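To start, the structure under review is shown below, and the notes come after it.
Fair warning: this is a prediction, and the values are worked out from it, not measured in the lab.
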Amino acid sequence: MSNDLRNAVYLHENAAAVFGGIDHSLPFRIHTDVRTSEVPTCDEAVIATDNSDSDRLSAHLASERFLLHHGIEEVTRLDGQLVSFDVVETVPQGYTTVMVTDETEISVIDESEAATRKSQPGGTRDTPGRATPAGPGDNPPPGASDAGEMDVDIDISPEKPTVSFEEDVAGLEEVKQTARMLLALFDPETRESVIKRYGENFGARGGQLLLYGPPGCGKTLVSEAIAYEAANNTNIESEYGEVQFLPVKGGDILSRYPGEAERRVEAVFEEAHRAAQNGFAVLFFDEVETLVADRSDDNLQRHERSLTNAFLQEMGTDKIEDNLLVIGATNMPFSIDPAAARRFPLQQFIPQPGPEVMGEVWEAELSDLQAANDAVELDYDRLGEASVGYTPAEIADRVLGTDLQRELIQSVVDTDANAIVPDTKYFLERLREHRPKTIRQFVTSVRNEADALEGYPEMRDYVADQADRLGLSMQHGSTAGMSDAATDSSALFEQLVAAGEQSTGDTDNSSESPSDTER
């Protein structure tokens with residue numbers, strides 16, 4: 001390649017096709033400082049390959065956080081061998097590039113089926129060569145100047161919580177008890193009684209909560225249920241005012257523009273403070289690890305370090321008022337900066353449900369169907385036992401998702417179709433048509449973090465157990481023989497009430513060096 005290209009860029013026609021073609025009448029910008037965390041995540045993908053081990057390929061793509069480009073042939077190295085595959089379809093639509101994560105549902109078809117799809121009109125979406133809606137980073141957003149400056153554009157609207165522990169969250173009794181004890185110290189009467197009996201230190205509020213565990217097991221539901229519990233089963237509203245729930249996804253805060261993510265963090269907390277002024281606010285950060293990357297990581301980029309510092313400043317103990325509760329959720333707690341982890345003094349593991357709880361998941365998901373078909377008997381215990389290995393999200397979104405709805409509608413619309421009897425046998429047959437993927441992909445992606453998981457013994461033991469069940473080997477240190485370190489509710493309560501002392505002594509700030517933040 002010539003050394004005098006300077007700002008000239010030459011694209012092969014295949015690369016240009018990824019962008020839906022290049023419109024030469026408009027500026028074409030290339031951003032060289034872009035993180036993979038800024039690429040939209042892929043919810044669903046259909047890929048075509050003749051490779052026989054599709055499960056291992058899917059797990060590999062998730063562990064590598066592989067970037068898919070719709071409509072072109074991709075190549076990856078699997079077990080030392082190059083494996084090629086075509087990207088047939090991706091969801092969400094309209095993006096030239098999406099990233100595979102542990103929660104991506106990947107369907108693998110053979111090359112002949114892919115060819116059949118492509119030959120059918122409308123058989124694939126977002127065909128290369130056709131202009132597609134602009135994805136993040138295709139062009140600067142409205143209001144951006146040539147220098148990349150723009151107004152803060154994140155939208156965080158307070159919501160009235162509607163998810164309850166009683167009606168919507170199956171199992172997780174220890175988690176529910178922990179949440180109730182957390183909220184107890186926000187109740188003035190309870191707090192006054194604790195102080196009177198045990199002293200001021202034990203009546204100090206425990207601060208903020210971190211929920212961690214495998215994906216699809218209810219962390220988001222639990223966070224909203226905590227807000228619902230505060231509104232409906234405590235004296236918090238009578239003391240502070242209306243309880244409002246403010247959910248934020250970490251990916252919505254990230255930006256390619258310098259300083260924009262930090263301004264979005266500030267804007268989110270400003271909105272939470274406003275909501276707290278008029279009542280009680282529960283601010284929930286999903287995927288919080290994307291906002292507080294560990295600053296001791298030598299590979300961390302400057303803007304990632306800056307974002308962690310900005311979050312820590314907003315989470316300072318002198319900035320969180322009594323009527324603001326901050327909850328973070330993550331699948332990877334070991335990747336969080338230690339100083340940020342200390343900002344969440346109460347940490348709760350959300351486990352994958354066992355058969356009994358999975359039965360409750362089925363019962364909750366099928367409550368409306370059962371009411372409309374009272375003559376049909378459903379054995380929820382049997383369904384729960386048959387769905388061990390699935391996550392609640394997989395049951396709700398895949399087994400009982402849009403495919404089921406389409407099948408039920410078809411049975412009504414098509415007069416020649418046989419009526420569907422939605423009984424236990426019917427749903428067991430639907431289960432046989434699917435395979436659990438989420439936990440396998442998750443364990444495959446984190447099993448090489450055995451050493452880092454030492455700080456989270458419940459998650460460490462869970463990953464080791466699942467790796468053994470799935471026949472996967474642990475890497476970089478084994479977790480075999482490690483004793484269980486499950487934390488019961490009373491221990492969590494002691495952690496909660498003692499957090500006032502801990503937060504008082506926590507002098508972490510944005511000027512810390514990585515060595516100051518070692519766990």
Exercise. Apply the test side chain to side chain contact (heavy atoms under 4.5 Å, CB included) to residues Glu44 and Thr104: give CA-CA distance (whole Å), side-chain angles for both, the deciding distance (0.1 Å), then the verdict.
Key: CA-CA 5 Å; Glu44 301 174 23; Thr104 303; 5.9 Å; no
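- Of the N and O atoms on the side chains of Glu229 and Thr234, not one donor lies less than 3.5 Å from an acceptor on the other residue.
- Remark: Phe269 engages Phe285, Phe311 in a ring pair (Phe, Tyr, Trp, His ring centres under 6.0 Å) (not counting sequence neighbours).
- Annotation: side chain of Glu105 is not in contact with side chain of Asp43 (no heavy-atom distance under 4.5 Å).
- Between Tyr212 and Phe349, the distance from one ring center to the other falls under 6.0 angstrom.
- Between Thr438 and Glu394, the side chains place a donor N or O and an acceptor N or O closer than 3.5 Å (distance only, hydrogens not considered).
- Taking 4.5 Å as the limit, every side-chain heavy atom of Thr290 sits out of range of all side-chain heavy atoms of Ile253.
- The pair Lys196-Glu192 fails the salt-bridge criterion, with no side-chain N (NZ, NE, NH1 or NH2) lying under 4.0 Å from an Asp/Glu carboxylate O.
- Classification of Glu266 and Arg263 as a salt-bridged pair fails, no side-chain N sitting under 4.0 Å from a carboxylate O.
- Although no hydrogens or angles enter the test, the distance criterion places a donor-acceptor pair under 3.5 Å between the side chain of Arg305 and the main chain of Arg295.
- Under 3.5 Å, the side chains of Arg180 and Asn233 contain no donor-acceptor pair of N or O atoms.
- Listed by first then second residue, pairs satisfying side chain to side chain donor-acceptor pair (under 3.5 Å) with a partner in residues 274-283 read Glu271-Arg274, not counting sequence neighbours.
- Between the Glu304 side chain and the Gln301 main chain, a donor and an acceptor come within less than 3.5 Å of each other.
- Between Pro333 and Met459, some side-chain heavy-atom pair lies under the 4.5 Å cut-off.
- Asn373 places no side-chain N or O within 3.5 Å of a backbone atom of Val376 that could act as its donor or acceptor partner.
- Although no hydrogens or angles enter the test, the distance criterion places a donor-acceptor pair under 3.5 Å between the side chain of Glu237 and the main chain of Val243.
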Practice problem: Please test Ser387 against Ile395 for side chain to side chain contact (heavy atoms under 4.5 Å, CB included), starting from the C-alpha separation and ending with a verdict. | Solution: CA-CA 8 Å; Ser387 54; Ile395 296 299; 3.9 Å; yes
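- Side-chain contact between Ile327 and Gln208 is absent, with no heavy atoms from C-beta onward closer than 4.5 Å.
- Note: Tyr240 and Phe280 have tilted aromatic rings, judged against thresholds of 30 and 60 degrees for the angle between ring planes.
- Among all heavy-atom pairs drawn from Ser223 and Val282, the shortest one is O-CG1, 4.5 Å.
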Exercise. Let me see the working for Leu283 and Leu324 under side chain to side chain contact (heavy atoms under 4.5 Å, CB included), right down to the final yes or no.
Key: CA-CA 7 Å; Leu283 175 59; Leu324 173 58; 4.2 Å; yes
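- Taking the side chain as every heavy atom from C-beta outward, Ser164 and Glu167 approach each other to under 4.5 Å.
- Under the 3.5 Å distance criterion, with hydrogens and angles disregarded, no donor-acceptor pair is assigned to the side chains of Thr308 and Asp337.
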Quiz prompt | Residue pair Thr402, Asp397: steps toward the side chain to side chain contact (heavy atoms under 4.5 Å, CB included) verdict | solution = CA-CA 8 Å; Thr402 54; Asp397 299 337; over 6 Å; no
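- Every pair tested for ring pair (Phe, Tyr, Trp, His ring centres under 6.0 Å) that includes a residue from residues 365-405 fails, sequence neighbours excluded, so the list is empty.
- For the pair Asp168 (side chain) and Val163 (backbone), a donor-acceptor distance under 3.5 Å is absent.
- Looking at Glu289 and Phe334, their side chains never come closer than 4.5 Å, going by heavy atoms from C-beta outward.
- Heavy-atom contacts from other residues, nucleotides or ligands closer than 6.0 Å to NZ of Lys249 number 12 or fewer.
- Of the possible polar contacts, one joining the Gln347 side chain to the Ala341 backbone as a donor-acceptor pair under 3.5 Å is found.
- A side-chain contact (heavy atoms from CB on, under 4.5 Å) with Phe427 is found for one member of Leu369, Val399, Asp379 and no other, namely Leu369.
- Checked by atom type and distance alone, the side chain of Gln244 never pairs as donor or acceptor with a backbone atom of Pro161 at under 3.5 Å.
- In this structure, Glu224 contributes its side chain and Thr162 its backbone to a donor-acceptor pair below 3.5 Å.
- Listed for the Glu385 side chain is no donor-acceptor partner under 3.5 Å among the backbone atoms of Pro355.
- Looking only at side-chain heavy atoms (C-beta outward), Pro247 and Ile156 stay at 4.5 Å or farther from each other.
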